[in-house]
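Notes to accompany the following structure.
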Protein chains: 2
Amino acid sequence: MGTNGRRTGRPTLEAVAQRAGVGRGTVSRVVNGSPRVSDQARAAVQAAIAELGYVPNRAARTLVTSRTDSVALVIPESESRLVAEPYFTAIIRGVSAELADTDMQLLLILVRNARERERLAGYLTSHRVDGVLLVAVHRDDRLAELLERIEIPAVLAGRRSGTEPLTHVHPDNVGGAVRAVRHLLERGCRNVATITGPLDMDVGHARLQGWSEALRAGGAEPEDDLVATADFTEEGGREAMRALLERRPDLDGVFAASDVMAAGALQVLREHGRRVPEDVAVVGFDDSIVARHTDPPLTSVRQPVEEMGRTMARLLLEQIAEPGGERRHVVLDTELVLRDSA
Amino acid sequence: MGTNGRRTGRPTLEAVAQRAGVGRGTVSRVVNGSPRVSDQARAAVQAAIAELGYVPNRAARTLVTSRTDSVALVIPESESRLVAEPYFTAIIRGVSAELADTDMQLLLILVRNARERERLAGYLTSHRVDGVLLVAVHRDDRLAELLERIEIPAVLAGRRSGTEPLTHVHPDNVGGAVRAVRHLLERGCRNVATITGPLDMDVGHARLQGWSEALRAGGAEPEDDLVATADFTEEGGREAMRALLERRPDLDGVFAASDVMAAGALQVLREHGRRVPEDVAVVGFDDSIVARHTDPPLTSVRQPVEEMGRTMARLLLEQIAEPGGERRHVVLDTELVLRDSA
DNA sequence: CACGGGAGTGGGAGCGCTCCCACCCGGTGG
DNA sequence: CCACCGGGTGGGAGCGCTCCCACTCCCGTG
């Protein structure tokens, strides 16, 4: 009693100090790994910590340091329905794995609408997290702009454009697309069409660019009527495929910028009596779970999503540790996974 | 200068009080919605808050109240590969939606191994969160035991057994299975087999039970050689299907306790030259994304996963608000989604 | 042998908030 | 007319930590 009106039974730094027969300062130094402590004192403190089961009070620490030891993973919901869902799961898994050895907390923030974006803005501005990971970035991304404006450590999955100033990580979209289309050409396809993602996203744009590059490298000219743009959804894939068949009945290969769109395309091809891969060969992108279950199973470009998550987390931690450091840009390799569709 | 050595430019409660010409106590009362404030004072304070853009410092509040205003969603990784992935995404979405209007933060914690479970234990014991949501519960679940022991507000998705003492939410597994099997019987199936999930999980057990009940209700006897146990994976589904075909070549219907296992079963049936649904009708469970892409598309029992997430969050908030309240148990309805496989 | 300085240490101040007690004041009842 | 009450209010104390300054040793140097 007296001055010590403790409400929770949890031991404090003070208690540890008393137990170890040292001052608060010394305990703090030990806990925070300062070298300026004698071996003797350190041992005594560590023993006391173990005996009492001391765990530092995060709030008290945050209050004085104004670090929060937590980072936010922000997922714009509107996009999350579009991009294949396993993508987010894999990102989360990677981020979490990388953070596991730290004592950083992972906050998950889904942003569904303008009101929630507003809330998020207040949230970030009041520095309730040390850093932010943002996925599903598109051109003119309001959230990315926000991150840039308030100068909080941040890492993007994807980018707004080729000149993205914020640190970001993404798969080699161009290279992956090139690989896919090259494979189609090597199989003997003469008229390779593509179903693109939204062209206001770099990922959509880049995969289209890869298609063009691969065609040119193969001596073919990328023709406009071999391109149909969709929105990463299955229905979008179906519509695009119908349009392509109408415009170019002679097509014999399709590169779809996502597995889900490829799945839609496969349905339409079947409806039209085209055999896959004999009449039309199809390659998707993502190597997601759907790729293994389509009929026929889908050849697809694998992107290392979990690895992306890990990398993002690592870059963010670096940036938090050294806020002045320069922005980074990491591109991860893709790989073509062969199945039956091409 | 002087006593006010502020480091961040953010306004404090003190600043608001000064601006509004009232005391700290009054500002605190307004911020926390106490009725014991005159309309005049409240107006002045609200104006000052708006002008200064005041946001309460969470750490300071936590330090004194020992509330953290955050809840943890705990996902045991070992299971997460097994249960269909979209499940977690949907749970997350539901939880997040329900929390969006609160100022509760959502912490995501993946637990991969014993070491991380240990860390989590320390984490929870030191009350760094106000409550916990736990998914993928199985019998003898160590994490569930932990939650029970440290008496922290908690809600489970699923349960350890029929006598689960903790508050929990789950779909009507028995009813869903009954619905599926009844459908198979009504279609004219005479020998309905089942591929179960792990029987050390209530969900595996309950879906098996539903199969039995429906058979009996239909006048048939559930025979042991019509049951094969798997682990919710595709490969498990394949093996189980092979075993069933060997034991009971006369089977003409299969109820699989998950879509992923059903997908594996479909492959094996095709390999064996059985047409689906003509020779063998198949029903899955989950109505996950794979169900739409199998060949043929899979009839499946839909469980309202997002709704489960919402419900879990709601129950948790109630429990945090009133820690003494009694445990709750919510069962959500399922629905049969008809496609081509049955 | 005095002195400067580095290593190690203790503890005051203060982070921004809530809690609670003391106080003020106008209305009511004896 | 005064004691009483209760709505409304201000501000001290204190949550548990880090930061930093002051202090004590004890070594090496001139």
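Each chain gets a letter, A, B and so on, in the order its sequence line appears, and its residues count up from 1.
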Would you say the side-chain atoms of A:Ser70 pair up with the backbone N or O of A:Gln105, donor to acceptor, closer than 3.5 Å?
no

Base, sugar-phosphate, or nothing: which does A:Arg29 touch, judged by heavy atoms less than 4.0 Å apart?
base

When rounded to whole Å, the CD to P distance for the pair A:Gln18 and C:dG11 reads 11 Å

Under 4.0 Å from OP1 or OP2 of C:dT18: is there any side-chain N or O of B:Thr65 that close?
no

Any N or O donor-acceptor pair linking the side chain of A:Arg10 to the base of D:dG16 at under 3.5 Å?
no

To the nearest angstrom, how far is A:Arg36 atom CZ from C:dG10 atom C1'?
17 Å

If you check the A:Arg61 side chain, which of D:dT18, C:dT9, C:dC17 turns out closest?
D:dT18

Looking at A:Asn57, I'd like to know whether one of its side-chain N or O atoms comes within less than 4.0 Å of OP1 or OP2 on D:dC15.
no

B:Asp101 and A:Arg119 ion-paired at < 4.0 Å
no

Could you please spell out the steps behind the side-chain contact (heavy atoms from CB on, under 4.5 Å) verdict for A:Glu148 and A:Arg160?
CA-CA 12 Å; A:Glu148 203 177 347; A:Arg160 285 170 287 180; 3.0 Å; yes

So, A:Arg58 and B:Thr62: side-chain donor and acceptor under 3.5 Å apart, yes or no?
no

Once you round it to whole Å, what is the distance between P of C:dC17 and CD1 of B:Ile49?
10 Å

Identify, between A:Ala41 and B:Leu13, the residue whose nearest nucleotide on DNA chain C lies closer to the 5' end.
A:Ala41

First encountered from the 5' end of DNA chain D, between B:Thr26 and B:Ala60
B:Thr26

Does OP1 or OP2 of D:dT9 have a side-chain N or O of B:Ser38 closer than 4.0 Å?
yes

Taking atom P of C:dA7 as reference, at what distance in whole Å does atom CG of A:Asp39 sit?
14 Å

Gap between atoms CD and C1', on A:Glu14 and D:dC17 respectively (whole Å):
11 Å

By nearest-heavy-atom nucleotide on DNA chain C, the more 5' of A:Arg24 and A:Arg42 is A:Arg42

Send over the distance from A:Asn32 CG to D:dC19 P, rounded to a whole Å.
7 Å

For the pair made of NE2 in B:His127 and P in D:dC15, what is the distance, rounded to whole Å?
18 Å

Under the 3.5 angstrom rule, does the side chain of A:Arg310 hit a backbone N or O of A:Ala97 as a donor-acceptor pair?
no

